[in-house]
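Notes follow the structure.
Chain letters run A, B, ... following the sequence lines, proteins first, then strands; residues in each count from 1.
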There are 2 protein chains.
Amino acid sequence: MTRIDDVARLAGVSTATVSRALRGLPTVSAATRHRVLAAAEQLQYAVSPSASRLAGGRTGTVAVVVPRITRWFFGVVVEAVEDFLHQAGYDLLLHNLGGREQNRQRLLHPVNLHNRVDAVMLVATPLRAPELTALAALDLPGVTVSSGTDVPGWPCVRIDDVAAARTATRHLLDLGHRRVAHISGDPDDELAFTAHLDRRRGYQDALRAAGLRPDPSLDVESGFDIAGGTRATEELLRRGDPPTAIFAACDEMAMGALTALRDAGLRVPQDVSVIGIDDHALADVLGLSTIAQPAAEQGRLAAKLLLDPLAGPSPQTGAHQAVSPVILDTRLVVRESTAPARAN
Amino acid sequence: MTRIDDVARLAGVSTATVSRALRGLPTVSAATRHRVLAAAEQLQYAVSPSASRLAGGRTGTVAVVVPRITRWFFGVVVEAVEDFLHQAGYDLLLHNLGGREQNRQRLLHPVNLHNRVDAVMLVATPLRAPELTALAALDLPGVTVSSGTDVPGWPCVRIDDVAAARTATRHLLDLGHRRVAHISGDPDDELAFTAHLDRRRGYQDALRAAGLRPDPSLDVESGFDIAGGTRATEELLRRGDPPTAIFAACDEMAMGALTALRDAGLRVPQDVSVIGIDDHALADVLGLSTIAQPAAEQGRLAAKLLLDPLAGPSPQTGAHQAVSPVILDTRLVVRESTAPARAN
DNA sequence: CTGAAAGCGCTTACAG
DNA sequence: CTGAAAGCGCTTACAG
């Protein structure tokens, strides 16, 4: 293939000038730039990324880590991030943990990040203490999305999970429900993100504010997905004296709950009200009430916060100044899955 | 950071030996390998990907191109591919076309692929003639997933879309339906993949085999997603004399149809039966009958077909030998959204 | 505004 | 089995 010196020869300039012209540096005369671009076009020249990266010390690549790309929130975030990164000329290296400890170990080992990417985005992927320490040593720019994933010095974009859960629970309480159950993610899963912990707190806060005491028998943990929602709800029903309302920690769990309730012969919302968090693409199809969160906007904003410092000069690299998380708004969306509690 | 010569010095060998030992080449004595590994471990050494790629001529990276990562099929495929690639030590460069012509142009321009990746996977992304020509010149290994995306010399993994559609349509016909509508993707969208064309053919085949003539007024095109399914169904209903059954080209369109039917006051399946293709994660929650296709298996198999030749010696590089597509099985899944036509 | 030259950190024939 | 040395194809001070 053509290399930079082929272009230089054709344009009658040095390789240094070709390099500058092609990258649009200002220190090239218009006439020269024109000749270089024409030569590059004529020869179908494309810079060798490996060579450019080695010489320039930048990879033009961002690693994006998500727990599971197949889950609604992560898919939407990645799509928004991909768009932003590619617009800015960066490549996106995708890492899907997929619940495998092995993937996590390999990927998050800082040594595997070093020299491979210019920056890292961790979506709902909390780090352990040793990982944080090792990462800090790399002095790599990064950003996190979702709560419970803070890395010192990295910006974070998320919603207020406690408030979102409080709103969801209060919606059920306002409808007159008193036996309000909660189904959420499994804290035993070390790969799980921790948003569900905040959401439980919001649930309990709302109950207490209404003068109710959180009832452990109404709080079931399972996987943070459709199947988990189904299993958790089955467990709830198995315990007898079923709740009249269920707050699921995410829409996918809520959808699993709908299945379990249907299979148990319970009608939604006549027998049991259900609300989730997300505003999943199918929430409307299912008539699911939920707390909408701006997933794409979180991704876009996180990408922006990540790249902005890379472009400009970095005034205080390594000076892990405190960064406040950016909290985006959520919004109650009432559909058909929630209704007033029946008078006893 | 530590470089290869730091390791070499500590281990008392040359950088060439370090390079060989770290990559597990057989031409290193066990004792030497041990010393090198220990030194590398002690120094927390990780090879510089840029340098390794430039010197070695391999990127260890595969580009994966999907129309929209947020759609069920593509998310599942990417997850399976990601797993396989990372197990094999490859990085995954994600490209989400997102319906943007601009993305497509930039990405699929062969010059942007050259030297950047070792191989390409195109999922449901048909190429135009000039793109095919340019790609052929690069002599890059690749694989395609889904029909209508053939690239000469590349293997292809897909289902038999015509047969799947035929089975879906026949299921409706077997239930006694005669006014069977079809909703599918938009051929005006140049970025659309073409599976929906095959699916229309299967639909029409099944009608004809049952002695029915395809009725253009029962065949509506829209976007290949939830919103598209809703719009297409609304259009169907606007035309009057509604169908008693709808075959949607994919589950997401079927789900959109469910919404439109509900909003129009029509019951599923009492008034209208609905079937899709996919077996989307939420098909069960919605009680949607469908033709299940093995999305993860298609991704895994495609990744395998892509990497296998890269590992071994390539007997006939560039000799675009004909490759038959690998066709995976589909399976009718009957749930609650399809029922016998009511006697008139 | 432009060029000569060093250097980025590896891998790979080649020789032994 | 191991090493010396060339070379991968760029970018970047440095000098002018």
Side-chain angles (χ1 to χ4, degrees), chain A residues 1-37 39-40 43-61 89 91 111-118 310 313, chain B residues 1-37 39-40 43-61 89 91 111-118 310 313:
Chain A
M1 287 299 286
T2 50
R3 293 163 316 168
I4 196 170
D5 35 307
D6 297 319
V7 179
R9 209 172 305 116
L10 181 58
V13 296
S14 70
T15 59
T17 297
V18 172
S19 175
R20 293 180 189 119
L22 257 30
R23 283 177 295 149
L25 298 191
T27 62
V28 179
S29 74
T32 304
R33 184 188 316 281
H34 255 74
R35 257 184 305 143
V36 170
L37 291 180
L43 296 175
Q44 288 269 60
Y45 171 74
V47 68
S48 157
S50 313
S52 172
R53 291 167 185 190
L54 178 57
R58 267 170 270 100
T59 65
T61 304
D91 278 344
V111 112
N112 291 326
L113 254 24
H114 181 63
N115 273 340
R116 186 173 296 273
V117 296
D118 293 340
L310 295 187
Chain B
M1 287 296 285
T2 50
R3 293 162 316 169
I4 196 171
D5 35 307
D6 297 321
V7 179
R9 208 171 306 118
L10 182 59
V13 296
S14 70
T15 59
T17 297
V18 174
S19 175
R20 294 181 188 116
L22 257 30
R23 282 177 297 149
L25 298 192
T27 61
V28 179
S29 75
T32 304
R33 184 188 316 282
H34 254 74
R35 256 184 305 141
V36 170
L37 291 180
L43 296 176
Q44 288 268 62
Y45 171 74
V47 68
S48 158
S50 313
S52 172
R53 290 166 185 190
L54 179 57
R58 267 169 271 99
T59 65
T61 304
D91 278 345
V111 110
N112 291 327
L113 253 24
H114 181 64
N115 273 339
R116 187 173 297 273
V117 296
D118 293 340
L310 294 187

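- Under the rule for a side chain to side chain donor-acceptor pair (under 3.5 Å), the partners of B/S14 that lie at least two apart in sequence or sit in another chain are B/T17.
- In this structure, the side-chain contact (heavy atoms from CB on, under 4.5 Å) partners of A/L37, at least two apart in sequence or on a different chain, are A/L22, A/R33.
- For B/R116, the salt bridge (Lys or Arg N to Asp or Glu O under 4.0 Å) partners are A/D91, not counting sequence neighbours.
- For C/dT12 and C/dG16, the C1' atoms lie 16 Å apart once the distance is rounded to whole Å.
- Listed by chain and number, the residues in a salt bridge (Lys or Arg N to Asp or Glu O under 4.0 Å) with B/R20 amount to none (sequence neighbours excluded).
- Consecutive pairing runs in DNA chain C reach the stem threshold at C:1-3 with D:14-16, C:5-12 with D:5-12, C:14-16 with D:1-3, where a stem means at least three Watson-Crick or G-U wobble pairs with distances under 3.5 Å.
- Considering only residues two or more places apart in sequence or on other chains, B/S48 meets the side chain to side chain donor-acceptor pair (under 3.5 Å) condition with none of them.
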Under a 4.0 Å heavy-atom criterion, the protein footprint on nucleotides 7-13 of chain C, written with B, S and -, is BBBBSBB
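- The two residues B/V28 and B/A21 have their closest heavy-atom pair at CG2-N, 3.9 Å.
- Between A/S29 and C/dT2 there is a side-chain polar atom (N or O) within less than 4.0 angstrom of OP1 or OP2.
- Contacts of B/T59 classified as side chain to side chain donor-acceptor pair (under 3.5 Å), with partners at least two apart in sequence or in another chain: B/D118.
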For residues 5-13 of chain B, run the donor-acceptor check on the side chains, cut-off 3.5 Å, and write out each pair with its distance to 0.1 Å, sequence neighbours left out.
unit_1	atom_1	unit_2	atom_2	d
B/D5	OD2	B/R3	NH2	3.0
B/D6	OD2	B/R3	N	2.7

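- Looking at heavy-atom distances under 4.0 Å, A/P49 makes no contact with the nucleic acid at all.
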